[in-house]
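Structure record follows, encoded as C-alpha cells.
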Amino acid sequence: MKSVIRIHSNNQAHWVGDGFLVRTLFSYQSMGEDLSPFLMLDYASPTAFLPSTTAKGVGPHPHRGFETVTIAFEGELEHKDSAGNSGTIGPGDVQWMTAGAGILHEEMHSKQFTQQGGMLSMAQLWVNLPAKQKMAPPGYQAIENQTIPTIYLEDDQGAVRLIAGGHAGFSGPAKTHTAMQVWDLRIKKGAVISLPAPNHWSAALAILQGQVETDKGVAGDASLIVFSRLGTGIEVRASQDTHALFLSGEPIAEPIVGYGPFVMNTKAEIVKAMDDFNSGQFGRLG
Ligand code: MN
C-alpha cells in the first residue's frame, strides 16, 4: 500500500480571466517532482453566474510543452484554438488538449451558458509531456461523458469514471503520451475505497468536495492527499459523500522548467518559447 506523505488544502481562490474562480490544489512550482507527470490542478467549485450578453472566460493565450485537461462538472465551456479545433463541453465531458509545440487558445463560458447563467464547476489538470514530445504537433481530444466508462463500486459505495487508464477490465478513452490513471470519483459517506496504482508511480487524491480520512489526518473540500511512490494502491475512508479526482502516473524523470503558460526542460527552451510566441509563430485564432 502507498502511504500518505502529506495533506494540504487551499482556501485561497483566484480568478482565471473573469470566468473561473479556482483554487490551485497543486503546482509543479512546489510539487513537480512528487506528482510527475502531473503539473498542476485548478478546481473551480460551483460558482453562480448571472445571465450576461458577453461571454466570460480567458481570452487568447499560448501554451507549449504539455497538455491541458479540462473536466466540466456543471455549466458549459467553449474552447477554440489556433490548430483549428473548437468544441463545447458540458457536465461530465472532458477536453484533452495537447499544446505540444504550441497553440493559442481561448477558454470561455459557452454562448448558451452565458445567456442563461447558472452554476459552473470544473477542474483543469496540466499533464507534462516527455522531452521528445514537447515539440510534437498540437492535438485535441473531445471526450464526451457517455464515452467515459463508469464502474459502480460494490455495496453502493460510489462510482469511478475512467477518463484515462484502465480498471476492472475497462479503459478510459483518453490517449496519453505516458502511462497514467485519471479517474473521477464519487464516494458515499462511510465507504472504504481501495484503488490500484502501480509501485513507483506518483499518486494523489484531490478532494474537490466532501471529506476523507487517512491515517495521517482528514482531507476536506479543495485539498490534496499526496501518496508515496513506493507501494501499490491506496485506501481511504469517506467520512462524507465525496467528489474526488484520483491521479496516478509513471513519473517523467526529466527537469521541469516552466514560465507562465510554457513548461519545458531548460531555461533556454523557455526563452525560445517566448521568442516564438512574440514573433507570431503560435498561429492565430480563426
Ligand atoms: Mn489555457
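Atoms considered below: every heavy atom in the structure, side chains included; atoms not considered: hydrogens, waters and symmetry mates. First listed ligand is number 1; within each ligand, the first listed atom is number 1. Here the structure is a predicted model, which means the values were calculated and not measured.
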Next on the checklist: Given E67, which partner from the list Q133, H177, Q141 fulfils the side chain to side chain donor-acceptor pair (under 3.5 Å) test?
Outcome noted: H177
Next on the checklist: I need the protein N, O or S atoms closer than 2.8 Å to the Mn ion (ligand 1), given as residue plus atom name.
Outcome noted: H61 NE2, H63 NE2, H105 NE2, E107 OE2
Checklist entry - Is any side-chain N of the basic residue among R23 and D42 closer than 4.0 Å to the acidic one's carboxylate O? => result no
Checklist entry - Is the shortest distance from a Lys or Arg side-chain nitrogen in D34 or R229 to a carboxylate oxygen in the other one below 4.0 Å? => result no
Next on the checklist: Checking T88 now: which residues fulfil side-chain contact (heavy atoms from CB on, under 4.5 Å) with it, not counting sequence neighbours?
Outcome noted: E76, E78, S110
Item to check | Exercise: identify the closest heavy-atom pair between R161 and N145 | outcome: NH2-OD1, 2.8 Å
Next on the checklist: Can you confirm if the aromatic rings of H63 and F262 lie within a centre distance of less than 6.0 Å?
Outcome noted: no
